[in-house]
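Please find one structure pasted underneath; my questions will follow.
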2 protein chains.
Amino acid sequence: MLEDPSIQQRLLQATEHLVYAGGINATGMDAIVKASGVARKSIYRLYPTKEALVAAALRERDERWMQWFVAGTSAGSPSERLLAVFPLLRSWFSAPDFHGCAFINAAGEIGDPDSEIRAVALLHKQRLLAYLSELTTACGFAEAEEMARQFLLLIDGATAVAMVTGQADAADSAGRTAQLLLQSLSPSNGLNPPANLRCRHVVKY
Amino acid sequence: MLEDPSIQQRLLQATEHLVYAGGINATGMDAIVKASGVARKSIYRLYPTKEALVAAALRERDERWMQWFVAGTSAGSPSERLLAVFPLLRSWFSAPDFHGCAFINAAGEIGDPDSEIRAVALLHKQRLLAYLSELTTACGFAEAEEMARQFLLLIDGATAVAMVTGQADAADSAGRTAQLLLQSLSPSNGLNPPANLRCRHVVKY
DNA sequence: CCTTGCTGAGAACGATCATTCTCTATGGCC
DNA sequence: GGCCATAGAGAATGATCGTTCTCAGCAAGG
């Protein structure tokens with residue numbers, strides 16, 4: 001009874017790619033139709049407006065990006081997983097089609113604060129923060145929430161700086177700052193509870 | 001012999017405001033004409049294309065933003081000035097018309113890497129990094145350049161997170177991370193050269 | 001068979017886009 | 001007073017925007 005998934009998938013993937021590469025407003029429906037091979041009529045049967053289509057494409061990207069991020073930070077102890085974030089980011093920044101965080105770009109382009117697209121961007125950051133919080137909590141830190149927020153700052157800061165300057169080594173500076181965070185707030189320094197409850201569970205994304 | 005500055009100033013200020021609030025592509029020339037009160041013919045005599053106009057408006061914003069940033073971080077010792085960054089950011093994030101970093105937003109919206117607008121965004125980040133480097137160098141840190149890059153990450157990360165989530169306290173988390181950076185790399189901990197050459201000079205912006 | 005609904009291809013719509021043009025002051029300079 | 005560049009206001013241009021509509025093909029179900 002569901003719609004043919006291949007059509008929807010082609011449509012969302014082409015939309016995501018075009019919007020990420022060229023921006024939302026600069027991406028016309030003509031380009032989406034041509035790149036996806038999906039007819040206009042079919043697009044507007046699936047999504048009432050371009051905004052809804054772009055929001056759905058960004059939700060799709062959120063899903064895939066989180067899967068990629070979790071898969072790249074799944075090996076080792078919790079602290080090793082936290083530090084694995086930054087080499088992972090570096091490889092992303094070095095990709096030829098890297099153009100920053102799609103959600104920050106989208107939120108920055110959309111003026112209307114009530115737009116559905118802004119809501120998707122917010123949701124993505126909340127999901128990323130929740131995953132980081134899982135990791136810092138698994139490390140046994142007392143202030144795991146605060147630490148997750150600091151990691152989020154480092155990730156988004158490195159992503160933004162890498163986009164504007166084109167220098168992938170922004171991930172390295174962020175990684176060094178993260179290492180400092182882990183060292184200074186390490187559970188083994190006596191200022192925080194011992195790490196007797198590490199690696200409790202892993203969230204699925 | 002120069003052009004009447006009031007016209008150019010009205011034009012650039014209206015362009016900057018509209019582009020920052022609503023994005024580049026969503027801002028039409030009609031809106032710029034109406035908001036600035038400058039005639040179309042005069043606009044195209046001053047700037048050959050909309051892209052050049054927006055680039056000039058962003059250059060103007062760069063100038064004013066850096067002046068605001070330097071003025072807000074001019075009191076106290078170098079390390080106090082570095083830490084004053086984050087309450088300053090917090091007040092910015094709390095402003096009703098805050099919409100993130102105009103340069104990150106612009107670079108994220110523009111796909112063409114050779115665009116003049118992208119160059120202005122890059123220049124802004126280079127100028128901000130240079131100023132941060134002045135401050136960290138004045139603190140007497142051995143790796144002042146690296147530290148300035150880390151501060152830039154924190155600033156841009158907090159700005160991006162505050163835009164997407166609307167939470168101004170992203171600046172507080174960034175400030176705590178910065179304090180950690182200053183403490184762990186403090187010149188007084190013996191791992192770095194003593195701070196016998198602090199506060200050498202101040203750059204004008 | 002006939003109907004029904006989905007698909008692709010593309011025409012058509014009114015609106016808006018960036019850019020150029022016309023027209024009418026206006027204000028300094030000789 | 002005459003002159004000329006600049007100013008604002010807005011019409012015109014061709015292109016492109018998001019959205020809707022038409023039409024032919026095709027597959028499934030009665």
Side-chain angles (χ1 to χ4, degrees), chain A residues 1-58 105-106 109-112 114-118 120, chain B residues 1-58 105-106 109-112 114-118 120:
Chain A
M1 278 304 160
L2 291 174
E3 299 285 342
D4 182 356
S6 79
I7 286 180
Q8 198 148 348
Q9 202 161 332
R10 262 190 303 154
L11 175 60
L12 291 180
Q13 196 142 337
T15 303
E16 178 197 325
H17 179 261
L18 289 172
V19 163
Y20 180 65
I24 297 172
N25 287 301
T27 299
M29 279 302 210
D30 278 8
I32 294 176
V33 167
K34 195 172 298 183
S36 68
V38 177
R40 283 175 156 74
K41 189 132 192 179
S42 305
I43 297 178
Y44 280 97
R45 191 170 8 85
L46 293 170
Y47 303 100
T49 146
K50 181 191 174 187
E51 181 183 350
L53 168 64
V54 171
L58 286 177
N105 294 351
E109 182 172 355
I110 300 295
D112 177 18
D114 299 327
S115 165
E116 189 182 356
I117 294 172
R118 294 279 293 267
V120 176
Chain B
M1 275 307 159
L2 291 174
E3 298 287 340
D4 181 358
S6 79
I7 286 180
Q8 198 149 348
Q9 202 161 331
R10 261 189 303 155
L11 174 61
L12 291 180
Q13 196 143 338
T15 303
E16 179 198 324
H17 179 262
L18 289 172
V19 163
Y20 180 64
I24 297 173
N25 287 303
T27 299
M29 280 302 209
D30 278 8
I32 294 176
V33 166
K34 196 171 297 182
S36 67
V38 177
R40 282 177 157 74
K41 190 132 191 180
S42 305
I43 296 178
Y44 281 96
R45 190 169 8 86
L46 293 170
Y47 302 101
T49 124
K50 181 191 176 186
E51 181 183 350
L53 168 63
V54 171
L58 286 176
N105 294 350
E109 182 172 354
I110 300 295
D112 177 20
D114 298 328
S115 163
E116 188 182 356
I117 293 172
R118 295 279 294 264
V120 175

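Every chain is numbered from 1, with letters handed out A, B, ... down the list of sequences. Since this is a predicted model, take the numbers as computed values, not measurements.
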To the nearest Å, how far apart are A:I43 CD1 and C:dG8 P? 9 Å

Side-chain heavy-atom pair A:R118, A:D114 within 4.5 angstrom cut-off: no

Is A:N105 close to B:N105 at the side-chain level, that is, under 4.5 Å between some pair of heavy atoms? no

Nearest-angstrom distance from the residue atom NZ of A:K34 to P of C:dA11: 12 Å

Are OP1 or OP2 of C:dC21 and a side-chain N or O of B:R45 less than 4.0 angstrom apart? no

What is the distance, to the nearest angstrom, from the CE atom on A:M29 to the P atom on D:dG18? 6 Å

Touch check for A:S36, heavy atoms < 4.0 angstrom, all strands: base, sugar-phosphate only, or nothing? nothing

Starting at CG of A:L46 and ending at C1' of C:dT7, how long is that distance when rounded to a whole Å? 11 Å

Short side-chain to backbone donor-acceptor contact, B:E51 and B:E116, under 3.5 Å: yes

Closest-nucleotide 5' rank along DNA chain C - winner of B:T49 and B:K41: B:T49

Is any side-chain nitrogen or oxygen of B:S42 closer than 4.0 Å to OP1 or OP2 of D:dA7? yes

Measure from CG on B:N25 to C1' on D:dA15 and round the result to the nearest Å. 15 Å

Heavy-atom nearest pair, B:G22 first then B:T27, reads C-OG1, 4.4 Å

Rounded distance (Å) that lies between atom P of C:dT7 and atom CG of A:L11: 11 Å

Test your reading of the model: is there a side-chain donor-acceptor pair from A:E109 to the backbone of A:I24, 3.5 Å cut-off? yes

DNA chain D: B:V33 or A:T27, which has the more 5' nearest nucleotide? B:V33

For DNA chain D, whose closest nucleotide is more 5', that of B:V38 or that of A:K50? B:V38

What's the closest nucleotide to the B:Y44 side chain, out of D:dG8, C:dA18, C:dG8? C:dA18

To the nearest Å, give me how far apart CD1 (B:I117) and P (C:dA18) are. 12 Å

